[in-house]
Protein chains: 2
Amino acid sequence: MSTEGAKRQPKYQRIADELRDAIQAGQYRPGDRLPGENDLMADHGVARMTARQALGVLQSEGIVESRKGAGVFVRAFRPLRRQGIQRLARSQWGEGRSVWSVDTEDRTLVVDRVRVTEQGAPEHVARVLGVEEGEPVCVRSRRFVLDGKPVLLATSYLPAGLVAGSSIAQEDTGPGGTYARLAELGSEPVHFREEIRSRMPTAGEAEQLKLSTGTPVMLICRTAFTDEGRAVEVNEMTLDSASYILEYAFDA
Amino acid sequence: MSTEGAKRQPKYQRIADELRDAIQAGQYRPGDRLPGENDLMADHGVARMTARQALGVLQSEGIVESRKGAGVFVRAFRPLRRQGIQRLARSQWGEGRSVWSVDTEDRTLVVDRVRVTEQGAPEHVARVLGVEEGEPVCVRSRRFVLDGKPVLLATSYLPAGLVAGSSIAQEDTGPGGTYARLAELGSEPVHFREEIRSRMPTAGEAEQLKLSTGTPVMLICRTAFTDEGRAVEVNEMTLDSASYILEYAFDA
DNA sequence: AAGTGGTCTAGACCACCCG
DNA sequence: GGGTGGTCTAGACCACTTC
């Protein structure tokens with residue numbers, strides 16, 4: 001056999017560690033190609049599956065990305081910054097600018113695949129909106145794309161009775177967006193709650209967001225309340241975690 | 001786009017889908033054992049590695065957890081709720097209760113492995129605190145454990161000159177914690193910014209938080225400012241995403 | 001056409017957990 | 001002790017990308 005000393009760790013881990021260190025040390029920069037499976041087999045005298053496993057480790061850590069037929073490449077991290085509180089200040093959406101245009105920071109975030117339907121409220125949405133399960137709600141789904149890469153899926157739910165006949169039920173909600181329309185309907189949202197969690201994406205999410213393996217999603221569920229404390233919208237968002245930093249600024 | 005045959009999918013994906021559906025349908029409940037590698041080989045007539053790959057898919061999705069020598073089990077999700085804004089209201093830390101006790105919600109969150117040192121400010125911290133890189137800062141590291149399971153790592157940085165001689169440089173900061181001491185020093189934090197991102201854990205993070213594969217971490221970086229807008233603390237937190245939901249409530 | 005990663009087989013030995 | 005997952009080998013064919 002080979003030398004005994006270094007057997008404390010699995011081979012694939014040692015190979016992965018070596019590559020990770022090289023990346024951290026700057027020997028490979030974002031976008032660079034790493035040694036492929038064949039290179040690792042030759043360099044380390046190891047079987048195919050073992051080299052593969054080593055690359056799999058880095059891939060599932062999200063620091064590396066494989067492209068079929070091309071190679072394995074170092075990933076970059078260049079996120080957007082999403083201002084959780086300022087974005088919802090009245091001054092932002094009262095002035096005809098889209099809520100979302102605040103996001104962009106000079107890159108262009110475009111909306112894509114808008115779909116507006118009416119359907120029965122799912123259980124968890126019904127509970128938050130304070131309606132019966134299955135009661136009709138207006139469902140607005142959109143996807144947002146940045147420089148050709150989808151970064152955000154958003155689905156909002158509003159009581160169907162509340163928005164009937166308004167442009168909220170249309171694809172284009174007009175200047176100021178949904179919240180300006182709600183205000184005109186006498187249900188101005190003034191209080192918000194955002195709940196955030198993170199997990200690995202489902203297959204469907206990974207496909208819609210074109211996520212590479214090893215990239216989690218962040219989930220934001222925002223509930224909008226009127227001044228009477230009535231919930232008028234639930235907005236469920238799914239964010240590519242490699243594309244976003246969330247920011248909340250507030251006073252003690 | 002007719003889906004003829006549907007055999008375009010790899011075997012391991014079909015097996016993974018089948019198991020996932022069964023879990024979603026409630027055939028396997030949290031804590032239950034799934035069919036193992038040998039079962040899948042027999043049931044589907046595939047090789048070891050293929051059955052393994054199928055289970056690997058579910059594992060990296062975080063919905064399943066393998067225990068060496070025992071089997072593969074369905075994971076549960078029972079998170080804590082962390083109130084991002086109310087937790088920092090003066091009423092919370094002015095009254096002698098720890099900032100963190102607000103988290104617990106009747107389960108017990110205990111602090112563990114406190115370490116307080118003085119060292120040179122890392123670059124990104126120095127930039128935020130507005131000091132020179134390498135200037136001495138007080139570094140407070142803690143780990144928080146819930147029911148025996150570590151859920152949160154926190155490291156905060158404060159200018160060494162500011163906190164010298166106060167109990168902030170001790171392991172026990174006394175009633176009201178760091179922020180109450182800062183207030184006594186004339187640097188009461190009144191404004192906060194929290195930045196949130198998510199990614200897969202490093203090997204070290206996975207070990208310290210005892211994370212099972214397929215679990216991302218959430219990173220919160222909080223900066224605390226005085227009323228003059230001077231940054232007095234940077235707190236970097238690493239959260240087990242399977243243990244936390246973050247909540248921010250605010251007004252338009 | 002050559003090279004790459006993606007899938008798959010059929011064996012093997014090990015460390016670990018449980019009854 | 002028997003079963004489980006963890007690691008590893010040595011082959012194979014395929015789809016895809018790049019030149």
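Since we're looking at a predicted model, the values are computed, not measured. In what follows, chains carry the letters A, B, and so on, assigned in the order in which the sequence lines appear, proteins first and then strands, with residues in each chain numbered from 1.
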Student: Rounded to the nearest Å, what distance is computed from the CD atom of residue A:Gln9 to the C1' atom of nucleotide D:dG6?
Tutor: 14 Å
Student: Looking at B:Pro201 and B:Pro216, what are the two nearest heavy atoms and their distance?
Tutor: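 Closest approach of B:Pro201 to B:Pro216, heavy atoms only: CD-CA, 4.1 Å.
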Student: Are A:Arg81 and A:Tyr244 in a cation-pi setup, meaning NZ or CZ lies under 6.0 angstrom from the ring centre and within 45 degrees of the ring axis?
Tutor: no
Student: Can you see if the side chain of B:Ser66 gets near the phosphate of D:dG6 - specifically, an N or O under 4.0 Å from OP1 or OP2?
Tutor: yes
Student: Please lay out, stage by stage, how B:Gln59 and B:Thr213 fare under the test side-chain hydrogen bond (donor to acceptor under 3.5 Å, both in side chains).
Tutor: CA-CA 6 Å; B:Gln59 216 171 128; B:Thr213 58; 3.1 Å; yes
Student: Could you tell me the separation between the CG atom of A:Asp39 and the P atom of C:dT4, rounded to a whole number of Å?
Tutor: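 These atoms are roughly 6 Å apart.
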Student: Without hydrogens or angle criteria, can the side chains of A:His124 and A:Glu133 be said to hold a donor-acceptor pair below 3.5 Å?
Tutor: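 No, because no side-chain N or O of A:His124 sits under 3.5 Å from a partner of the opposite role on A:Glu133.
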Student: Run the numbers on A:Thr155 and A:Arg142 for side-chain hydrogen bond (donor to acceptor under 3.5 Å, both in side chains), then give the verdict.
Tutor: CA-CA 6 Å; A:Thr155 302; A:Arg142 304 77 96 207; over 6 Å; no
Student: C:dT9 P sits how many Å from B:Leu40 CG, rounded?
Tutor: 12 Å
Student: Could you go through nucleotides 12-19 of chain C and list every protein N or O atom that sits under 3.5 Å from one of its N or O atoms, giving the distance for each pair?
Tutor:
{"residue": "C:dA12", "atom": "N6", "partner": "B:Arg48", "partner atom": "NH1", "Å": "3.1"}

Student: Are a donor atom and an acceptor atom from the side chains of A:Ser141 and A:Arg113 found within less than 3.5 Å of each other?
Tutor: no
Student: Tell me which nucleotide among D:dT9, D:dT7, C:dT9 gets nearest to the side chain of B:Arg52.
Tutor: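 Within the option list, the nearest is D:dT7.
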Student: Distance from B:Glu205 atom CD to B:Asp240 atom CG, nearest 0.5 Å?
Tutor: 11.0 Å
Student: Specify the separation, in whole Å, of atom CE of B:Met49 and atom C1' of C:dT9.
Tutor: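 My rounded result for the distance is 10 Å.
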Student: Of the candidate nucleotides C:dT9, D:dT7, C:dT7, which contains the atom at the shortest distance from the side chain of B:Thr50?
Tutor: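 When the side chain of B:Thr50 is considered, C:dT9 is the closest of C:dT9, D:dT7, C:dT7.
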Student: Would you say a side-chain N or O of B:Asn38 is under 4.0 Å from OP1 or OP2 of D:dT4?
Tutor: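 Looking at the OP1 and OP2 atoms of D:dT4, one of them is under 4.0 Å from a side-chain N or O of B:Asn38.
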Student: Round to the nearest Å and state the distance from B:Glu65 atom CD to D:dT4 atom P.
Tutor: 18 Å
Student: Does a side-chain N or O of A:Tyr12 approach OP1 or OP2 of D:dC8 to a distance below 4.0 Å, or not?
Tutor: no
Student: Let me know the distance between CD of A:Gln53 and C1' of C:dG5, rounded to the nearest Å.
Tutor: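 Spelled out: CD on A:Gln53 to C1' on C:dG5 is 16 Å.
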Student: Output the rounded distance in Å from CD1 (B:Ile15) to P (C:dT7).
Tutor: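 Atom CD1 in B:Ile15 sits about 13 Å away from atom P in C:dT7.
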Student: From CZ of B:Arg33 over to P of D:dG3, roughly how many Å is that when rounded to an integer?
Tutor: 12 Å
